[in-house]
Structures are given as structure tokens and as C-alpha cells.
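Presented below is the structure to which this report refers.
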Amino acid sequence: MRIVLVGPPGAGKGTQAQFIASHLSIPKISTGDIFRANVSGGTELGRKAKEFMDRGDLVPDEVTIAMVRDRLSEDDARDGFLLDGFPRNVPQAETLKKMLSEWDARLDIVLELVVDEEEVVRRLSGRRTCTKCGKIWHVDFDDKRDDICDDCGGNLFQRDDDKEDVVRHRLEVYQEQTAPLVQFYEDEGILAGIEATGSVEEVTGRALAALAPLESA
Ligand code: AMP
């Protein structure tokens, strides 16, 4: 199955992508994760992406599309994949459609995670990551009052793009550039909206219910 997840930053795409991809035994391909790995690894791609990411802007399409084309050409993505964070604008969606048709393939479904904007700001600006083990904590939801990881004792830090002003900018970018994808995929007849509030399990349940008719097809 070929799936795209869309939704504003902080909708829980990464978490849901993980569950859905492992349920379907398909690779989860997250452009944000690939960019972050390249930034930490100090690669040429990371160097190109970093300034855009730090500002909360989109990395230019030519850089992003080349990276996605390479990743989708790998063997494990041949029969299915879940894309998390791509496409992020209509030109990327059109390119993806063309790319897949070159391979005689097409998307099966686009899941839109729907969540309120203020909820997103609260989720993201309270997020802290452990420098040592990578675990993600939340100042409110985990009642985290110090900057120490309860699991491994490492120091917690806030991603530059999770600072409140950057989060608000990322949301503007989402509204301007990414939200039009909802209409694009509605017109293609493959959009399914999922209410992304409640527990992680509840949201996963809704997503899997939307996928069930395709799995049995
Ligand atoms: P994410 O983890 O999906 O929120 O992505 C983090 C950052 O990576 C974004 O704010 C963008 O700067 C960049 N990024 C991720 N995916 C894309 C994409 N499809 N197009 C352009 N930039 C992207």
C-alpha cells in the first residue's frame, strides 16, 4: 500500500506513521527525519537544508524531491511505503504523482490528521528531547519540571524549530503551502480525514479503520 500522511506540525504524524507502517510492514519515509539525520551527520544535503529548517521554512523543492526520488527508488519501497512530511506543497504532490506513474504506481490513500491550531502550539512548544537517548518528553503532559531525562539522566533540549515563534511560523507555512494539498487529494478521490485528538491509541485506531477497506481489497 502507498500512503501519504498530511497534517500540521504537531498533529502526531511521526508517531502515527510509526504504528501504521509497522502494522502494514511497509517502510516509513519521513523527510524531516532524513533531513535531521543529514544535519547531524554534517552532509552536503544537511548543510543545504539546515538554514531553512531552523527558520521553519520548507527546504527548496529541487533538494527535497531529489532526496525523495532516491529514497523511493530503494528496493524496500517498491511495493509500498508510508510518506510522512512529503509532499508539503502542490508542486511536490504533482511531482510525486508523475514519479509514481513512471513506475506504474499510484497512491492508495492520503490520511489527513486534523487537529486544532492552539493544541499544536501547546504540543510542540512543550516538547523536549533527550540529548543522550533521544526520548521525547513533554513539559505539561509528562509534568517535566527539570531538564533531565528520567530514563537515562541525559540533558533535555528543545529543538530550534519547536520554539513558540518558529512553531507559529511553521503553522503559517502549513496553512499557505501544505493545506491546499487537502483539496488536491480530495479532488483525486483518495483523501481520508482522521480526527487527531485523544490518545495515541485512539488516533491509530481511527487511522487503521480508514485503511481497513483497502487492506481487504
Ligand atoms: P518535520 O519533522 O516533518 O516537521 O520537518 C522538519 C523540517 O524539515 C520542516 O520544517 C522543513 O524545513 C523540512 N522538511 C521536511 N519535509 C519537507 C518537505 N517535504 N519539503 C520541504 N521541506 C521539508
Side-chain angles (χ1 to χ4, degrees), residues 2-21 27-73 77 81-100 107 110-115 117 119-129 134-136 138 157-182 184-185 196:
R2 296 180 181 85
I3 308 173
V4 161
L5 261 191
V6 291
K13 290 195 300 296
T15 310
Q16 293 304 328
Q18 197 79 54
F19 284 118
I20 298 167
K28 159 185 123 100
I29 300 177
S30 156
T31 42
D33 285 352
I34 303 177
F35 280 133
R36 276 185 290 279
N38 276 276
V39 170
S40 333
T43 68
E44 176 65 18
L45 178 63
R47 206 185 46 71
K48 282 188 195 153
K50 187 173 183 333
E51 58 173 305
F52 298 97
M53 295 174 75
D54 286 349
R55 283 202 303 265
D57 284 327
L58 295 188
V59 176
D61 283 352
E62 64 271 20
V63 176
T64 308
I65 289 169
M67 177 179 91
V68 170
R69 179 181 278 279
D70 282 353
R71 180 62 188 89
L72 290 182
S73 306
F81 53 76
L82 186 152
L83 277 169
D84 157 28
F86 183 92
R88 265 310 218 276
N89 58 26
V90 172
Q92 290 182 5
E94 278 165 348
T95 308
L96 176 63
K97 189 175 172 185
K98 243 196 293 170
M99 209 187 288
L100 292 176
L107 291 176
V110 174
L111 296 176
E112 180 203 2
L113 296 184
V114 180
V115 61
E117 194 162 309
E119 173 67 16
V120 161
V121 173
R122 194 161 90 96
R123 284 186 192 180
L124 288 186
S125 56
R127 192 157 77 166
R128 301 289 182 272
T129 310
K135 172 147 181 177
I136 294 172
H138 195 282
F157 77 103
Q158 185 177 35
R159 260 170 59 175
D160 281 341
D161 62 351
D162 281 347
K163 307 227 157 101
E164 185 167 340
D165 52 337
V166 183
V167 168
R168 293 207 181 267
H169 180 63
R170 286 166 71 198
L171 282 167
E172 280 166 24
V173 171
Y174 180 80
Q175 284 308 332
E176 274 168 29
Q177 305 199 41
T178 311
L181 286 182
V182 170
F184 180 93
Y185 286 123

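One-based numbering, in listed order, for ligands and for the atoms of each. We number each residue from 1, following the sequence as shown.
A salt bridge links D162 with R170: the closest approach of a Lys/Arg side-chain nitrogen to an acidic carboxylate oxygen falls below 4.0 angstrom. Taking the charged nitrogens against the carboxylate oxygens, D165 and R168 have no contact shorter than 4.0 Å, which rules out a salt bridge.
Contacts of H169 classified as ring pair (Phe, Tyr, Trp, His ring centres under 6.0 Å), with partners at least two apart in sequence or in another chain: none. Legend: residues meeting salt bridge (charged side-chain N to carboxylate O under 4.0 Å, His left out) with D61, ordered by chain and number and at least two apart, are absent. Here A179 pairs with Y174, Q175 under the side chain to side chain contact (heavy atoms under 4.5 Å, CB included) rule; sequence neighbours left out.
Listed by chain and residue number, the protein contacts of ligand 1 are T31, G32, F35, R36, M53, D57, L58, V59, T64, G85, F86, R88, Q92, R159, R170 (heavy atom within 4.0 angstrom).
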Notebook entry, point to check: Hey, mind stepping through F86 and V4 against side-chain contact (heavy atoms from CB on, under 4.5 Å) and telling me if it holds?
Noted result: CA-CA 7 Å; F86 183 92; V4 161; over 6 Å; no

